[in-house]
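As structure tokens, the structure follows; a few thoughts come after it.
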Amino acid sequence: MAAGSNIRQLAWKRRVAAIQSFVGAVVLVVLPFTGNLLLQKLAPIAKITFVVPVWVYPLSFAAAALFVWRGLHLWKRAGHADQGAAGESAVAALLNPLKVSGWTVEYGFRDPRVGDIDVYLIAPSGKAYTLDVKSHGGLVTVSYTHLTLPTNREV
């Protein structure tokens, strides 16, 4: 499996769900108006008069706002997933030279005991290693035993 493919699939699913939320919001805004028009056209045929109650409009708009909020949230989370996939691809580019030395490198490995393992490495000696890739903005520095990010960065 290619590096970052699991997280790219997650980003795609989140974007599809976001688009569904946006479409749902549009439907909720348009529905009361089209419902009233449809009822007015059917009134002479059905010999009844019915009007969509006024309280339906604000309720529909409030529900549409929630759908838009959900869509924006999912779209942002999809962006985070894309950023993570880019990080996994960058790590894969750094690890590819190990294959020439006899290392086995697998990406997106699923272990039922621990879940998703971003990178699973097996050394030529047979020892196994796992890497959990994190993608953050900014320059990461190494100081002996610690990785640090600048504290004055925007997230």
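Source: prediction; values computed, not measured. FYI, the numbering just counts along the sequence from 1.
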Report the C-alpha separation of N96 and K99 in whole Å, then their side-chain angles, then the decisive distance to 0.1 Å, and conclude whether the side chain to side chain contact (heavy atoms under 4.5 Å, CB included) test is met. CA-CA 6 Å; N96 276 338; K99 293 179 182 178; 3.5 Å; yes
What distance do [X] atom [atom1] and [Y] atom [atom2] have between them, rounded to the nearest 0.5 Å?
| X | Y | atom1 | atom2 | answer |
| --- | --- | --- | --- | --- |
| W75 | F22 | CH2 | CZ | 7.0 Å |
| D118 | L131 | CG | CG | 8.0 Å |
| D132 | E88 | CG | CD | 8.5 Å |
| L72 | F67 | CG | CZ | 13.5 Å |

Might you point out which heavy atoms bring [X] and [Y] nearest each other, and give the distance in Å?
| X | Y | result |
| --- | --- | --- |
| L95 | L121 | CD1-CD2, 4.3 Å |
| I7 | G84 | CG2-C, 4.2 Å |
| P124 | S101 | CG-O, 3.3 Å |

Tell me which pairs pass salt bridge (charged side-chain N to carboxylate O under 4.0 Å, His left out) where either residue lies in residues 3-24, with sequence neighbours left out.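 Qualifying pairs: R15-D82.
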Please list all pairs meeting salt bridge (charged side-chain N to carboxylate O under 4.0 Å, His left out) that have one or both residues in residues 54-80, counting only residues at least two apart or in different chains.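 Checked against salt bridge (charged side-chain N to carboxylate O under 4.0 Å, His left out) - neighbours excluded - no pair reaches residues 54-80.
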Joint hydrophobic cluster, L98 plus V91, side-chain heavy atoms closer than 4.5 Å: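 Yes, one cluster joins them.
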Indicate if V29 and V68 have the same hydrophobic cluster label, given that clusters are the connected sets of ILVMFWY residues with side-chain heavy-atom separations under 4.5 angstrom.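 No; V68 is not reachable from V29 via cluster members.
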V105 and Y107: side chain to side chain contact (heavy atoms under 4.5 Å, CB included), yes or no, with the steps? CA-CA 7 Å; V105 183; Y107 301 97; 3.2 Å; yes
Close side-chain approach of K127 and I122, heavy atoms under 4.5 Å: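 SC-SC contact between K127 and I122 ruled out.
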